[in-house]
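Report on the structure given below.
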Amino acid sequence: DTAVSQTPKYLVTQMGNDKSIKCEQNLGHDTMYWYKQDSKKFLKIMFSYNNKELIINETVPNRFSPKSPDKAHLNLHINSLELGDSAVYFCASSQIETIPTYTGELFFGEGSRLTVL
Amino acid sequence: DAKTTQPPSMDCAEGRAANLPCNHSTISGNEYVYWYRQIHSQGPQYIIHGLKNNETNEMASLIITEDRKSSTLILPHATLRDTAVYYCIVKYGTPLVFGKGTRLSVIA
């Protein structure tokens, strides 16, 4: 069974469109994250949710809106896609023993490669 | 987070030990040292972490100097499947912040 699964794995779309990437974890973790890996291979955190509540929101355009219907799911919706949004998006989860120590190991999904034309 | 410095790339012969260094001279007393790796096109994978003492698990060993200003990740018997980018991260109180890492190439 896949611990952290993302769909779709590949997404090709036109500029200006709206798209979503879904993430689900079956590890029973209480915290989920979205990371972005750009063409230069830098991994940057975008958002973090703990028990469905937003706890980290890095400097990300308002066009990106995470949604956590329950603690096992964290979806990423992107409005008005731009060329610069092309990247691989990774979802991750962890069990936070206490906040704010964040010492829990992160488990990553396989990534969703978004290409904006 | 304290910054880390890693060599951009390293080679290792298959079957030999791979020793990946990391400098973190400004590490704070409560910051942990984490190692993750990313095999091509896959999500990052946790390897090991430690605070002060040396640590060992089924994947690797982590050696932290007494002054905690540097550490070494050791893969005791590198295989071709260990070819990846290895990230050394120090942190406390925030999620993982990835640097550029070391690209390890294991050569047959």
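Order of the sequence lines fixes the chain letters, A, B, ..., with proteins taken first and strands second; residue numbering starts at 1 for each chain.
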Joint cluster assignment, [X] & [Y], ILVMFWY side-chain distance < 4.5 Å:
| X | Y | answer |
| --- | --- | --- |
| B/Met10 | B/Ile74 | no |
| A/Tyr10 | A/Leu117 | no |
| A/Ile78 | A/Tyr49 | yes |
| A/Leu11 | A/Phe90 | no |

Atom CZ of B/Arg16: over 12 foreign heavy atoms under 6.0 Å: no

Enclosure of A/Asn62 CG (heavy-atom neighbours >12, cutoff 6.0 Å): no

Closest heavy-atom pair and its distance - A/Phe42, B/Lys100: CE2-CG, 3.2 Å

Shortest non-hydrogen separation from A/Lys41 to B/Tyr87 and the atoms involved: O-OH, 4.0 Å

Stepwise ring-ring contact (aromatic ring centres under 6.0 Å, His included) test for B/Phe98 and A/Tyr35: CA-CA 10 Å; B/Phe98 289 82; A/Tyr35 280 80; 5.8 Å; yes

Between CZ on residue A/Phe108 and CD on residue B/Gln42, distance to nearest 0.5 Å: 13.0 Å

Among A/Lys44, A/Gln37, A/Arg113, residue most engaged with chain B (heavy-atom pairs, under 4.5 Å): A/Gln37

Side-chain (B/Tyr36) to main-chain (A/Leu106) donor-acceptor, under 3.5 angstrom: yes

Side chain to side chain, A/Glu105 and B/His49, heavy atoms closer than 4.5 Å: no

Proximity breakdown for A/Leu43 and chain B, heavy-atom pairs closer than 4.5 Å: both

